[in-house]
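The first residue in the sequence is number 1, and the count goes up from there.
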Amino acid sequence: MKQQKSFGTQTMGTLYLVPTPIGNLGDMTNRSIEVMQSVDLIAAEDTRHTQQLLNQFDIDTKQISFHEHNKENRIPELVARLQAGDSIAQVSDAGMPSISDPGHELVKAAILADIPVVPIPGASAGITALIASGLAPQPFMFYGFLPRKPKEQLHELEMLQVHQETMIFYEAPHRLAKTLKGIMTAFGSDRQVVLARELTKRYEEFLRGTVAELVTWANENEVRGEFVVLVAGNDHVEQAEEIDPLSEMEPIQAVQALVGEGLKPTAAIKQIAKQRALDRQTLYLQYQGENN
């Protein structure tokens, strides 16, 4: 199972991106188990959480922590081990690595070092919810977690409300009601929304209706479990075809325009980088250069 790539006398290891179940342990694939058993090291978002999974499948591979708060120091260490010939499996707590979980920066660093990166297919909450939602499955846009600050979140939603594709968001239970209110403010009360909670678990549930109906539900019930929030696209063609004035600007100009509207520079850079598929760090450095 272990893959290696040789450069002269040096042998590179392989970075495997391994999915883990989003709830039901039966969704752990044979290939994922084999990879985790065969690699030299598992880079886990939460080693205690992952240890429970390893115990379930008799995997005794050594772990190392790799998460949002230690990634800057950990990435060089992991890349060095890969360059020395070790193969590493990177896992998040649930689902696919890099999807609203750590991993993207490690993948970029491995690619820059010409280290093989092998993705293993598996569970993903967003796609799982989409195919059972009843909303149009394609085209769709996966967004993940919206900004937490109300002003930044509303600004982002106002930018998204013209999208015609089904939109997929993730949300924690304690923020669900506020996020639904933000969607209603930006998208209108009649937009169709589907809430998918506790996917693949015992209390899996789909709630469907207008955003106004689901705001009422969230206010009247105890909200528990992790949620996927799916929002129908804008089917008003005339409104959806309105041109975003920022789209005519260069990236730095667009960032400056958002900052002029009251958005913080970091939030503006994140928004423009995501919309245009740009590297956020590069855009940040360009912005700093323009404003120093």
Side-chain angles (χ1 to χ4, degrees), residues 19-27 92-96 99-101 121-150 152-242 274-275:
T20 56
I22 59 177
N24 192 319
L25 289 178
D27 294 331
S92 64
D93 286 349
M96 300 293 289
I99 304 300
S100 294
D101 285 309
S124 172
I127 298 298
T128 301
L130 176 65
I131 61 173
S133 68
L135 301 179
Q138 54 191 27
F140 71 88
M141 182 191 75
F142 175 80
Y143 187 97
F145 287 95
L146 284 159
R148 295 186 181 185
K149 294 183 178 179
E152 293 177 8
Q153 183 186 92
L154 184 58
H155 189 280
E156 187 75 357
L157 287 169
E158 288 172 344
M159 299 288 291
L160 293 170
Q161 67 90 15
V162 297
H163 281 251
Q164 292 179 285
E165 62 268 26
T166 299
M167 289 161 273
I168 305 174
F169 305 97
Y170 288 166
E171 195 50 278
H174 63 279
R175 292 196 298 269
L176 181 68
K178 289 182 179 179
T179 295
L180 288 173
K181 289 177 183 177
I183 292 172
M184 184 166 64
T185 299
F187 290 32
S189 59
D190 293 330
R191 188 72 69 95
Q192 290 295 307
V193 171
V194 176
L195 302 180
R197 63 177 293 270
E198 294 293 89
L199 289 172
T200 77
K201 300 178 184 178
R202 180 179 179 182
Y203 296 107
E204 175 180 286
E205 183 179 17
F206 285 85
L207 300 159
R208 302 174 175 88
T210 66
V211 63
E213 290 170 337
L214 292 175
V215 166
T216 299
W217 175 86
N219 287 329
E220 294 179 351
N221 292 273
E222 182 181 5
V223 179
R224 302 177 67 179
E226 298 298 317
F227 282 82
V228 180
V229 181
L230 304 106
V231 182
N234 189 334
D235 58 4
H236 300 294
V237 177
E238 292 182 2
Q239 183 180 4
E241 289 180 349
E242 289 179 3
K274 176 170 283 193
Q275 289 175 348

Is there side-chain contact between [X] and [Y], with at least one heavy-atom pair below 4.5 Å?
| X | Y | result |
| --- | --- | --- |
| I183 | L157 | yes |
| F206 | L195 | no |
| T210 | V193 | no |
| L160 | L146 | yes |

query: Is there any side chain to side chain donor-acceptor pair (under 3.5 Å) pair reaching into residues 122-139, and which pairs are they, with sequence neighbours excluded?
result: none

- prompt: Can you pull the side chain to side chain donor-acceptor pair (under 3.5 Å) pairs that have at least one residue in residues 186-203, sequence neighbours excluded?
  reply: R197-E205

Pairs of donor and acceptor atoms involving the side chains of residues 219-229, under 3.5 Å and at least two apart or interchain, shall be tabulated with distances.
from, atom 1, to, atom 2, distance (Å)
N219, ND2, V215, O, 3.2
N221, ND2, W217, O, 2.8

query: Donor-acceptor pair, T166 side chain versus L230 backbone, under 3.5 Å?
result: no

- prompt: So, E152 side chain and P147 main chain: donor-acceptor pair closer than 3.5 Å or not?
  reply: no

Closest contact, heavy atoms only, [X] versus [Y]:
| X | Y | result |
| --- | --- | --- |
| A94 | T20 | CA-OG1, 3.3 Å |
| L130 | F140 | CD2-CD2, 3.5 Å |
| G188 | V211 | O-CG1, 3.1 Å |
| M96 | P19 | SD-CB, 3.3 Å |
| I22 | A125 | CD1-CA, 3.9 Å |

Distance check, rounded to the nearest 0.5 Å: [X] atom [atom1] versus [Y] atom [atom2]?
| X | Y | atom1 | atom2 | answer |
| --- | --- | --- | --- | --- |
| M184 | K181 | CE | NZ | 8.0 Å |
| Q161 | T185 | CD | OG1 | 12.0 Å |
| L180 | T216 | CG | OG1 | 10.0 Å |

message: My understanding is that only residues two or more places apart in sequence, or in another chain, count here; which of them pass side chain to side chain contact (heavy atoms under 4.5 Å, CB included) with E165?
response: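 Applying side chain to side chain contact (heavy atoms under 4.5 Å, CB included) to E165 gives P139, M141, H163.
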
query: Does K274 have any side chain to side chain contact (heavy atoms under 4.5 Å, CB included) partners at least two apart in sequence or in another chain, and if so, which?
result: Y143

field: E213 vs R208, side chain to side chain contact (heavy atoms under 4.5 Å, CB included): CA-CA, chis, key distance, verdict
entry: CA-CA 9 Å; E213 290 170 337; R208 302 174 175 88; over 6 Å; no

Expected list for residues 167-176: side-chain donor-acceptor pairs under 3.5 angstrom, two or more places apart:
from, atom 1, to, atom 2, distance (Å)
Y170, OH, G126, N, 3.0
E171, OE1, R175, NE, 3.0
E171, OE1, R175, NH2, 3.2
E171, OE2, T179, OG1, 2.7

